[in-house]
Amino acid sequence: MNSYLDSLNDAQKQAVLQKDGPMIIIAGAGSGKTRVLTYRIAHLMKQGVDSFNILSLTFTNKAAKEMKKRIASVVGDGEAKNLWMGTFHSVFARILRSEADKLGFPSNFTIYDTQDSVRLISAIIKEMGLDKERYKPKQILGRISSFKNSLVTVRAYFNSADMQEADMHASRPKVGEIYKEYVARCFKAGAMDFDDLLLRTNELLARFPETLAKYQNRFRYIMVDEYQDTNHSQYIIVRALADKFGNICVVGDDSQSIYSFRGANIQNILNFQKDYPDVKTFKLEQNYRSTSNIVNAANSIIAKNKTKLDKEVWTENGAGEAINVMRTISDGEEGRFVAQSIWENQMNNQLSLDSFCVLYRTNSQSRAIEDALRKKGIDYKIYGGISFYQRKEIKDILSYLRILINPNDEEALKRIINYPARGIGATTIDKLTIAANHYKKSIFDVLKYIDKIDLKINAGTKNKLQNFMNMMLRLQIESQTKNAFEIAEVVVKEAKFIKDLEKDGTPEAVSKVENIQELLNGIKDFITDKIEQGEDASLTSFLEDVALATDFDSEKKDDEPTVSLMTIHQSKGLEYLYVYVVGLEENLFPSAMSMSTRSELEEERRLFYVALTRAEKAAFLTYAQTRYRWGKLVDAEPSRFLEEIDDQYLHYLTPKAPEPAINRFVDKSIFEDAPKGIRFQKPIQRKKMERDVAQKKEIVVSSNLKKVSLVSPKMNLFDGDIIAGNIVEHNRFGTGTVLGVEGKGPDKKAEIQFATAGKKKLLLQFAKLKVIG
DNA sequence: TCTGTCGCCCTTTTT
DNA sequence: GGGCGACAGA
């Protein structure tokens, strides 16, 4: 008898035993999804499926590693070795490396991270002489990203009158030109951005049938975890690969779809049954993770969503304690409460700090929590935020390494050509860029022939360029004989990184030196690790790892136990005995950016569902009445999500009713700790402050006392004024025409046809519309 | 060409 | 509160 099967419940066992054909596993939170996936793969192998023929796509590399380990414990190390497991991005980066020449890319292509992409787009916008207020680099990148994720290539864009018209209407007629130039520049630089890893894979599979056939034959069994968060581009890849054998197993939970902002399409999971009519459906509904209070409370929240699959999560676990709700005066107080509560619970129950987790909606919220934990002497680790590899000093060193691998990497070159300072300024770089564009060569190539072409660069500067070039060429030669660690050491030395920083002597510089040291150690670890595993230990492989790694992937096991701090997005798939969800306030959670349409609000609600279902034993929900945002103190109202939880599962640690309304109209900053330096504010800022105060007064005078808070962005000046036919402007969707208005009071909605964003129904209360015609 | 200061925008969320 | 680009002056 297969012992591992005995540990599964009926539903789980059926899913594991289903071998062939398309299947979907709808897995509720905490229902043992990972176990099922792991055992299913192990079981396939036990039945004689070659591990070489199994592809498993996970959401993080860490999840892949974890799963591989667990499979190995069932079937043995050697057997598990050939399994292809990883994120979409890392698996297809690997495939693209071996097929790159077909697409005209070098096999050691660079992977641009978001920062590289934004910088390149900024440069293009500047070169094209466009207004960067109208063409905001980040927004343009967002648009290009959405093109790529829906497989709209440059050619497709220019073939689509609709798309061009949309950008015209949004007063950004040059978006297509920027897109075209961006793609060309990436190509010339031998670089792919994150979205390219998927788009180019699609290109590869579509243009080269024999390549498609090769991978179809190879990946006879395909599994996709977190299917609810796949985008169109990923969806098409999976469909193509599974087309021959049809052995496709997707796992997901529509209630936990939280990545639509990066193109995830919840329809992929909702429509799976339509895509594969002979699909077998399995539902894992028993939750083993949480108390019944938590499960039921979470169910009561998600019930408010309209778009969902039919599923009932239940548990046999005991009720446990009620979910605690805590109101505090300020975000600082919130942090202190969390720290105190963690400390007490840890002491009273003799727990490891690993049992605690603090979740927030935005990274910037971590600050107040950190301060409080530090003061209490509680160890913590922050996941996400600015990752180690994004720090300036680290990116600079990595840029040197990137150029050694791929000299055409434009972004890396521009970063370091004058860092550390060697007298090569913006003017010179501009000249080089122009020459490079003119000759259709990379800047590195132009530098190689700097003697032979006349760039009107004076002799002194030319000399500096040549010195730089000589150093890079020397490093390049060395990199052929040295391993990644050795070459990184040489780079640090040659470029005088540490020397310069040590001369500086400031605390920041000291910490930078430490970071560089840590990077070198990291490279060393990487190499030893890879050599031990018999895997690729090259510099290319290291750089790829860095580009695609998330914080979790690099986590070390032997670390001291710590409290975990992270965004809710990052917490997907994890579980903790005690979970603190902080900042349950309107405009923060749900985010002010995501409450103008029903679907946005539903995604925020799913996010809350994810947060709550991380908890095994106890959950704390906290909100503050005032909070520093952008360095300013602002008032906050409790999140609507608190109202949505069935009251019977809640325990209020503070009285539920907020303080009497009258107090809400006194300027608190007069009495409480005023923002630092307020007395030294410049006249202009003071004026702005006075204006703010004046506006507050006006609001108080002109509105219903009970409903309106001081600085609530909920105030909508146009409520009631909007009628069909109005032209309106929305800060995210751009301009649009009002088609109709329905509902009244807080439910009043307008249906608007936006030029770029399509048709939307917006709640006027939140939409912050400006009537312009 | 370098350096320091000012002012703007920023904050959703991530591979 | 902070990071980054623009701008001015050396």
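Chain identifiers are assigned alphabetically (A, B, ...) following the order of the sequence lines, protein sequences preceding nucleic acid strands; residue numbering begins at 1 within each chain. All figures in this text were calculated on a predicted structure; none of them were measured in a lab.
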- List in chain and number order the residues that pass ring-ring contact (aromatic ring centres under 6.0 Å, His included) with A:F468, two or more places apart in sequence or in another chain; answer none if no residue qualifies. none

- Task: For A:F589, check ring-ring contact (aromatic ring centres under 6.0 Å, His included) against everything at least two apart and list the hits.
- Result: A:F608, A:F641

Regarding [X], tell me which of base, sugar-phosphate or nothing describes its non-hydrogen contacts under 4.0 Å with the strands shown.
| X | result |
| --- | --- |
| A:I424 | sugar-phosphate |
| A:S90 | nothing |
| A:E133 | sugar-phosphate |
| A:S364 | base |
| A:T427 | sugar-phosphate |
| A:D113 | nothing |

- Item | Interatomic distance at P, B:dT13 relative to C:dC4, whole Å | 16 Å

- Item | A:H569 and its ring pair (Phe, Tyr, Trp, His ring centres under 6.0 Å) partner, picked from A:Y259, A:Y383, A:Y360 | A:Y259

- Which comes earlier along DNA chain B counting from the 5' end, the contact point of A:H89 or that of A:K138, where each point is its nearest nucleotide? A:K138

- Note on the structure: Sorted by position of nearest nucleotide on DNA chain B, 5' first, the leading residue of A:Y259 and A:K136 is A:K136

Can you check the [X] [atom1] to [N] [atom2] distance for me, whole Å?
| X | N | atom1 | atom2 | result |
| --- | --- | --- | --- | --- |
| A:N363 | B:dT13 | CG | C1' | 8 Å |
| A:I417 | B:dT1 | CD1 | P | 11 Å |
| A:Q115 | C:dG3 | CD | C1' | 11 Å |
| A:F194 | B:dT14 | CZ | P | 12 Å |
| A:K632 | B:dC9 | NZ | C1' | 12 Å |
| A:D331 | C:dG1 | CG | P | 12 Å |
| A:I125 | C:dG5 | CD1 | C1' | 14 Å |
| A:K148 | B:dT15 | NZ | P | 18 Å |

May I ask you to verify if any side-chain N or O of [X] is less than 4.0 angstrom from the OP1 or OP2 atom of [N]?
| X | N | result |
| --- | --- | --- |
| A:Q570 | B:dT13 | no |
| A:T567 | B:dT14 | yes |
| A:T428 | B:dT1 | yes |
| A:N149 | B:dT15 | no |

- Side chain of A:K126 - closest among C:dA6, C:dG2, B:dT14: C:dA6

- Query: What orientation do A:F88 and A:F92 show, parallel under 30°, tilted 30 to 60°, or perpendicular over 60°?
  - Reply: tilted

- Message: Rounded to the nearest 0.5 Å, what separates atom OG1 in A:T201 from atom NE2 in A:H89?
- Response: 9.0 Å

- Would you check if A:W630 stacks with the base of B:dC10, given a 5.5 Å centroid limit and a 30° plane limit, both strict? no

- Message: Test your reading of the model: is there a side-chain donor-acceptor pair from A:R422 to the backbone of A:L465, 3.5 Å cut-off?
- Response: no

